[in-house]
Amino acid sequence: MKFGLLTAICEGMTFEEVVDFAAENNLECLEVACWPQGGAQRRYAGVSHIDVANLDEAKAAEINKLCADKGVEISSLAYYPNPLDPDEEKRNAAIAHIYKLMDASALLGVNMITTFIGRDPKKNVDENMELVKEIWTPIIRYAEEKGVKVAIENCPMLFTNDEWPGGQNIMSTPANWRRVFEILDSPNLGINYDPSHFVWQQIDYIKPIYEFKDKIFHVHYKDIKVFKDKLADVGVMATPLQYMSPKLPGLGDVDWGKYVSALTDIGYDGYTVIEVEDKAFEKSLDDAKKAILLSARYLRNFIA
């Protein structure tokens with residue numbers, strides 16, 4: 001398995017600086033945040049370390065040379081919007097940028113993007129599956145033509161009141177994975193596996209690794225801490241941040257030994273990256289760097 005980080009936490013650093021930081025700390029790969037220029041409103045979004053909209057062959061060659069010289073690979077180009085947003089303007093903007101992401105990924109020879117499938121929060125699961133078929137069929141066909149894999153993270157994007165009640169990503173459970181993979185039957189569609197989102201949903205985060213072993217294209221290392229006293233007070237119908245909090249790996253409830261063991265069981269040898277969303281490490285860029293190094297030090301107990 002190749003070990004690295006998602007660059008969204010490195011806001012304020014240039015791509016070159018992030019590559020240098022990774023190389024200096026023996027991190028082998030980067031999931032590169034590639035939001036549209038102009039940023040985004042929610043936390044951990046809006047960071048852009050590669051401008052995919054204006055990438056050309058010369059710039060791609062420059063990026064690839066830098067990475068080769070430093071011994072750091074790009075695992076994926078990352079952008080996590082809501083492509084099923086009920087607001088048509090937002091939906092179309094998200095989809096347009098996903099196409100640019102695929103073009104850039106192919107141009108760089110990365111051939112993978114990491115994103116969300118999306119969801120209309122006010123529609124039920126069946127209605128959203130119809131949207132998935134309508135909106136994602138041409139996207140996945142384009143991915144097949146470009147030779148690009150699309151790895152969908154299993155985050156429900158259900159944290160705050162404006163995302164209530166359904167969240168903004170339908171591919172958040174094994175049951176929904178099966179339905180989406182049946183609708184979009186393609187070798188180019190898979191999973192960016194994050195165990196932390198299963199913990200607070202009270203889903204077994206080990207068992208699906210075996211069932212979906214052929215669909216795991218990319219892996220996140222992020223932890224979650226469920227505060228049982230708070231959960232007992234507000235219940236599972238509350239917005240999740242009322243009873244849980246994202247943490248650095250090793251500081252939450254994920255059993256990382258079991259998780260990595262399961263990945264080795266299935267022979268996973270792809271990209272695995274640290275994703276930092278721990279509020280205790282948000283005060284400064286130095287805090288973010290410290291969070292990455294602490295996470296890496298801990299996870300190397302399990303990763304060869």
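Taking all atoms of both residues into account, the shortest heavy-atom contact from Lys222 to Val254 is O-CG2, 4.3 Å.
Side chains of Tyr271 and Val219 form no contact here, defined as non-hydrogen atoms less than 4.5 Å apart. Using a 4.5 Å cut-off on side-chain heavy atoms (C-beta onward), Cys10 and Val47 make no contact. Annotation: side chain of Ile113 is not in contact with side chain of Tyr79 (no heavy-atom distance under 4.5 Å). Counting heavy atoms from C-beta outward, Leu27 and Val72 have side chains that stay 4.5 Å or more apart. Between Glu127 and Glu130 there is no side-chain heavy-atom pair separated by less than 4.5 Å.
Side chain to side chain, Thr7 and Glu31 fail the donor-acceptor criterion of an N or O pair below 3.5 Å. If you check the side chains of His197 and Glu153, you find a donor sitting under 3.5 Å from an acceptor. With 3.5 Å as the limit, one finds a donor-acceptor pair spanning the side chains of Asn192 and Tyr80.
No single ILVMFWY cluster, assembled from side-chain heavy atoms under 4.5 Å apart, contains both Met112 and Phe181. Follow the hydrophobic side-chain contacts under 4.5 Å out from Val148 and you reach Leu108 in the same cluster. The hydrophobic cluster containing Ile191 also contains Ile266, counting ILVMFWY residues as joined when their side-chain heavy atoms lie under 4.5 angstrom apart, directly or transitively.
Listed by first and then second residue, the salt bridge (Lys or Arg N to Asp or Glu O under 4.0 Å) pairs involving residues 77-104 are Asp103-Lys146 (not counting sequence neighbours). Screening residues 291-300 for side chain to side chain donor-acceptor pair (under 3.5 Å), with sequence neighbours left out, gives no hits.
Residues meeting the salt bridge (charged side-chain N to carboxylate O under 4.0 Å, His left out) test with Asp265, sequence neighbours left out: none. Residues satisfying the salt bridge (charged side-chain N to carboxylate O under 4.0 Å, His left out) test with Asp69, not counting sequence neighbours, are Lys65. The salt bridge (charged side-chain N to carboxylate O under 4.0 Å, His left out) search around Lys59 returns Glu62, not counting sequence neighbours. Residues satisfying the side-chain hydrogen bond (donor to acceptor under 3.5 Å, both in side chains) criterion with Thr264, sequence neighbours excluded, are absent altogether. Every ring pair (Phe, Tyr, Trp, His ring centres under 6.0 Å) that Phe212 has, sequence neighbours left out, goes to Trp177. For Phe281, the ring pair (Phe, Tyr, Trp, His ring centres under 6.0 Å) criterion is met by no residue, not counting sequence neighbours. Under the side-chain hydrogen bond (donor to acceptor under 3.5 Å, both in side chains) criterion, Asp126 pairs with Arg179, sequence neighbours left out. Scanning for salt bridge (charged side-chain N to carboxylate O under 4.0 Å, His left out) contacts around Arg141 gives Glu144, with sequence neighbours left out. With sequence neighbours excluded, no residue forms a side-chain hydrogen bond (donor to acceptor under 3.5 Å, both in side chains) with Ser172.
With respect to the salt-bridge test (charged N to carboxylate O, under 4.0 angstrom), the residues Glu211 and Arg178 qualify.
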Review point. Does the pair Asp286 and Ser284 meet the rule for a side chain to side chain donor-acceptor pair (under 3.5 Å), with working shown?
Key: CA-CA 5 Å; Asp286 283 342; Ser284 67; 5.0 Å; no
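The only member of Ser76, Ser105, Cys34 that meets side chain to side chain contact (heavy atoms under 4.5 Å, CB included) when paired with Thr114 is Ser76. Put simply, the residue from Met1, Lys2, Glu73 that forms a side chain to side chain contact (heavy atoms under 4.5 Å, CB included) with Glu28 is Lys2. Of the candidates Asp223, Asp253, Asp278, Lys247 forms a salt bridge (charged side-chain N to carboxylate O under 4.0 Å, His left out) with just one, namely Asp278.
The aromatic rings of Trp200 and Phe159 sit tilted, their planes meeting at an angle between 30° and 60°. Aromatic ring pairs are classed by plane angle as parallel below 30°, tilted from 30° to 60° and perpendicular above 60°; the pair Tyr259 and Tyr193 is tilted.
Leu6 belongs to a hydrophobic cluster whose remaining members, ordered by chain and number, are Val273; membership requires side-chain heavy atoms of ILVMFWY residues under 4.5 Å apart, directly or through intermediates.
In this structure, Phe302 has its ring center no closer than 6.0 Å to that of Trp256.
In the displayed structure, Lys215 atom NZ is contacted under 6.0 Å by more than 12 heavy atoms of other residues, nucleotides or ligands.
Remark: Lys230 fails to qualify as a cation-pi partner of Tyr243 under the 6.0 Å distance and 45° angle criteria applied to the six-membered ring.
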